[in-house]
Amino acid sequence: MSIDADQHVASQSSPLFSFAVIGDTHLNPDDAQNTSPWRTNRLANGRTAFVVSELNRARPSFVVHLGDIVHPLPADPRQKIAAMSAKRLFAGLNCPLHFVPGNHDVGDKPLDWMPADCVSEGSIVSYRQTFGPDWYAFDYGGCRFVAINSSLLNSGLSLEAEQKTWIEAELARNKGRRIFLFTHYPPYVARPDESSHYDNIDEPGRSWLLDLITRCRVEALFAGHVHNFFYNVHAAITHCYVLPSVTSLRQDYAEFFRVGPADEYGRNDAAKLGFFIVDVYPDNHLAHFVRTQGATCEDTQAQARATFERPIGSPVGVHLRHAWAEEIELPYNGPLDELSRKRVRNDYGLLALWDLGIRHLRVPSSDLRDEPLRSRMTDLRRLGLKFTVFTFGEPDNTTLELMAAHRIYVHGWEIIAPAHRLLRVIESVRGRASHVPPIWFSKLGSHNETADSGKPFDHATRLAFEPDDEDELAELCAAAEKFDRLQGFVFKIDFDESIHASVQRIADLSRRINVRATIGVKLAPVRSAGPPPGEHAVANRVAEAAVCAWWNPQLQFFLDTFQEIDRGYYMRPGLVDRRCNPALAGNVFRRLHLMLARLEPLGALCETAKDGWRGLALQAKSGAGFLWFPEHEQEPGTEWGTATPVCEPEIAHGPIRGPWIEFTPSREYQSRLDRP
C-alpha cells in the first residue's frame, strides 16, 4: 500500500489491473514421492493445485512465482521429475505465469556454510531449459516488471556480472516509470544493516541492489524464500514484501509467539499460508493477502475458505496491548542458521490488521519515545494506519515537543488524568499545545466512584467517562472553550452493558454538550478475576460494535483488545489469537465490514426481538434488514430461511450462535447487482 491508500481506493471504482504473487510451492515429483522429512510437504502438490484453482477464480492479469518451485535440489535426480510435474500443474492456470528462480531451483547462495550445493552455471542451464530465463523484464499496464536471479549475487560466476550489467541498464533505462521488482532472496528481513544469515542477500550484493532500487525509485519489491511474512519500506520509497509460502511455514519462526507451536512444530500453521493479489491504481498499489488455510482441492470446504474481497478501511480501531513491532533473536538451532543468531521482527500482527481492514490503533506514548518503534510508525503510516497515542497526567515540555514533532503520523493524542485534575490539565495544555495532534481527554477513575456505585471493589485501573458524567463534562467543555486542539472526550462501554443502548446515550450526550466522543468497547469482563467470555459472545459483541460504528460515523470506536490475552489478570479475548491468526471474532469482523461498507447507512438503528433473538434493524440506501444476536446459545430454526450467518460453519467450529444477517436489497441496488 502507499500513503492515504484508503482515500485513494475510495475515489477509484476499480484498479487499472491486478496481478498475483505466489511463492515457495516446493512441489514434489508426485504426492507419493515426498523428498522432505516433513509430513506437511506431502501436501505441497495438493495445496498448490488449490491455489491454481483459486487464481483462476480471481482472474489476475498475470501471476509471478517467487521461486522454490520444486522441493528437490539441483543435485537430486528427482528434481527433473518434480519440474515436469510443476509444469503440468501450472499448465492449468488461465493467465500468464512468470517464474523467478529460487535456491531449490538453481542452488543456494554462495557461502561455505550453506547446507546444500550452491548455484552453478550447470544448474542455471537446466533451469532455463525447463522454466525459461532466470532474469528478464516485461511491460504491463504502463508499468515495468523486473525479475532477477538472486542466487547469483556474490557468486563470482561470469553470469553474475552479466546479470548485474543487465539489471543496472534495465533499471536506469526505466527510471521515472513505475517499476516492480521480483527476487527469491529478500535483500533483508528486518534491517538493511542486519548481519548475514540464511534468509537475506549477503554483502556486497545487498548494498549494490539496495542502492540501485533507491536511485531508480523502484515502487515495490516482492521476495519469497523465508516462508513467513515481513514488510518494510526502504529509503522511504520502496515497499518491500516478503511473502509466506502457499504450502508450508518455516517453523524456526514459530519462536515469535509466546504460546505452543501450531501443527508439526509450527510448519503447518495453515492460517498463515496464502498468496498476494496486488491491485495497481494510477498512482499507487494495494497488496491484499489471500489466506488459503492450507486447503487442497479435495477439501469440500475449500471454496469457502479463500476470499478475494479486499479489506475495507474500518471505522473501528483497536487497542494494541501486545508488542506490535517486536524484534527477537531466534536461537541458533540449525539446520539452516547453526552458526549465528538471527534477529527478526514479528510482522504477523501487522498482517492481521491489514487483512481485517483495521486502520486506527491505540498505543502508549512509550512507543512514540522508542526510536525503532517511531520509525516503524512512519512506515505503517504509508499503509494508511493511524495512531492514537495516550499519556497520563499533565504533559511536560518534552512530551509537548515530541507530539508536535511527530504530529504528521500521530492521528490523535489521548491525555488521561484523574477527574479532580482534568481542569488543571486542560488549562495547562491549552496555552502550550498549538502545534500538537488533535487532543482527546479521558479520566482516571477512583475507588471512591466504585464504592458510590454500590458495585464490588476491584483492584483495577478504570479509565474513561460514562454517560452519567454529563455535569462534569459540561464543566470541562466550558473550560476548554476556544481550544482548537480539543477533539473530544473518551467514553467506555463495559462488557456487561448493552453496546447499542450505551452508544445511543453517548451520542445524545455528545450532541447536547456539542463535543465529539471516542468509545472504548470492552471485550473482557468488568472484574479482573472473572472468566473470559466464550468466543461466540465476543463475536456477537464485536458485530454489534461494528454496526453501531457504521451507523454513527460521528463517533470513533476502539475495541479492547486486538490480540487475545490468555494469562495475567484480565483474560481479554481479541480479534486474533496468540499466533496472530484471526479468531472467530476477527473473521466475523472482517466479513461484516465487507457487507456494511456496501449498505450506505441511513437513519438510526432500532432494537427489535424475534423468537429469543435480539436484533438491530438496519435501514440503508441499498435496502433494509436485521442483524440478529442470540439471547441464549442457539441457532435460528427453519423458519429463518432468509437469514444467513455472518461466519461460515467451519470457522465457527460447530453450531453458529450468531450473529446472523437478514437483508433485502432495494430495487435500485438489486438492479446494480444484476447489471453485467
Side-chain angles (χ1 to χ4, degrees), residues 23-24 64-80 82-84 86-87 97-139 144-175 179-188 192 195-216 218 221-226 336:
D24 295 276
V64 178
H65 191 308
L66 295 171
D68 280 3
I69 307 161
V70 299
H71 189 74
L73 293 159
D76 190 329
R78 291 170 295 182
Q79 195 201 51
K80 291 186 183 296
M84 291 301 102
K87 294 278 283 186
L97 172 61
H98 304 276
F99 289 112
V100 176
N103 59 302
H104 276 250
D105 308 316
V106 297
D108 281 352
K109 64 179 184 176
L111 282 176
D112 290 342
W113 49 264
M114 282 295 164
D117 289 342
C118 293
V119 62
S120 68
E121 293 190 3
S123 64
I124 292 174
V125 168
S126 178
Y127 173 88
R128 290 174 176 175
Q129 290 172 345
T130 305
F131 296 109
D134 53 319
W135 71 77
Y136 56 91
F138 62 94
D139 283 326
R144 191 67 170 167
F145 297 87
V146 180
I148 68 171
N149 181 349
S150 54
S151 289
L152 272 175
L153 298 181
N154 306 307
S155 69
L157 297 173
S158 60
L159 289 175
E160 178 190 8
E162 185 179 335
Q163 178 183 235
K164 287 181 70 174
T165 299
W166 176 85
I167 295 173
E168 289 171 348
E170 175 66 29
L171 294 186
R173 183 168 56 250
N174 288 281
K175 186 176 181 180
I179 302 173
F180 294 82
L181 182 67
F182 304 93
T183 171
H184 182 66
Y185 285 102
Y188 59 90
S195 61
S196 172
H197 53 67
Y198 183 75
D199 290 331
N200 57 23
I201 294 174
D202 304 307
E203 295 292 3
R206 183 195 308 174
S207 291
W208 166 80
L209 182 61
L210 291 176
D211 178 65
L212 194 58
I213 67 174
T214 302
R215 284 191 284 111
C216 297
V218 170
L221 178 149
F222 296 87
H225 182 65
V226 192
L336 306 172

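Everything numeric in this text was worked out from a predicted model, so none of it was measured.
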Tell me which pairs pass salt bridge (Lys or Arg N to Asp or Glu O under 4.0 Å) where either residue lies in residues 202-214, with sequence neighbours left out. Lys109-Asp202, Asp211-Arg215
His225 and Asp68 side chains, donor-acceptor separation under 3.5 Å: no
Suppose we screen for side-chain hydrogen bond (donor to acceptor under 3.5 Å, both in side chains). Which residues come up paired with Lys175, at least two apart in sequence or across chains? none
Side-chain donor or acceptor of Glu160 paired with backbone N/O of Leu153 under 3.5 Å: no
Work out which heavy atom in Val106 is nearest to a heavy atom in Pro74; give both atom names and the distance. C-CG, 3.6 Å
Please name all residues satisfying side-chain hydrogen bond (donor to acceptor under 3.5 Å, both in side chains) with Asp139, sequence neighbours left out, ordered by chain then number. Arg144, Arg177
Residue pair Phe182 / His98, side-chain heavy-atom distance below 4.5 Å: no
Heavy-atom closest pair, residues Asn200 and Tyr185: O-CD2, 4.1 Å
Identify the heavy atoms of Leu73 and Asn103 that sit nearest to each other, and give their distance. CD2-O, 4.0 Å
Separation between CG of Leu209 and CD1 of Ile148, rounded to the nearest 0.5 Å: 5.0 Å
Would you check if the side chain of Ser151 reaches a backbone N or O of Gly107 as a donor-acceptor pair within less than 3.5 Å? yes
Intermediate values then yes/no, side-chain contact (heavy atoms from CB on, under 4.5 Å), Asp24 and His184: CA-CA 9 Å; Asp24 295 276; His184 182 66; 3.4 Å; yes
Thr214: what forms a side-chain hydrogen bond (donor to acceptor under 3.5 Å, both in side chains) with it, not counting sequence neighbours? His234
Locate the shortest heavy-atom distance separating Ile167 from Leu212; write the atom from each residue and the value. CG2-CD2, 3.5 Å
Min side-chain heavy-atom separation Phe131-His65 under 4.5 Å: no
Main-chain N/O of His71 paired to Gln79 side chain as donor or acceptor, under 3.5 Å: no
Determine which pairs satisfy salt bridge (Lys or Arg N to Asp or Glu O under 4.0 Å) with at least one residue from residues 115-127, sequence neighbours left out, and list them in order. none
Closest approach of Leu210 and Pro187, non-hydrogen atoms and distance? CD2-CB, 3.7 Å
What is the distance from atom CH2 of Trp166 to atom OH of Tyr136, rounded to the nearest 0.5 Å? 9.0 Å
Before giving the answer on side-chain contact (heavy atoms from CB on, under 4.5 Å), spell out for Val100 and Thr183 the whole-Å C-alpha distance, their side-chain angles and the decisive distance to 0.1 Å. CA-CA 7 Å; Val100 176; Thr183 171; 5.5 Å; no
Distance col, row Leu159:CG vs Leu152:CG, nearest 0.5 angstrom, shows 6.0 Å
Angle class for the Phe138/Phe145 ring planes (parallel below 30°, perpendicular above 60°, tilted otherwise)? parallel
Audit row: Val218, Phe180, side-chain contact (heavy atoms from CB on, under 4.5 Å) steps and yes/no: CA-CA 6 Å; Val218 170; Phe180 294 82; over 6 Å; no
Side-chain heavy-atom pair Asn154, Ile201 within 4.5 angstrom cut-off: yes
In Å, rounded to the nearest 0.5 Å, how long is the span from CZ of Phe222 to CG of Leu66? 8.5 Å
Taking all non-hydrogen atoms of both residues, which atom of Cys118 and which atom of Pro110 are closest, and how far apart? SG-CA, 3.7 Å
At what distance, to the nearest 0.5 angstrom, does CD1 of Ile124 lie from CD of Gln163? 8.0 Å
Nearest-0.5 Å distance, CG of residue Leu111 to OG of residue Ser196: 5.0 Å
Mark yes or no for whether Ser120, through its side chain, and Ser123, through its backbone, hold a donor-acceptor pair below 3.5 Å. yes
Salt bridge (Lys or Arg N to Asp or Glu O under 4.0 Å) against Asp134, all qualifying residues, sequence neighbours excluded: Arg128
Evaluate side-chain hydrogen bond (donor to acceptor under 3.5 Å, both in side chains) for Thr130 paired with Lys80, printing each intermediate quantity in order. CA-CA 9 Å; Thr130 305; Lys80 291 186 183 296; 5.8 Å; no
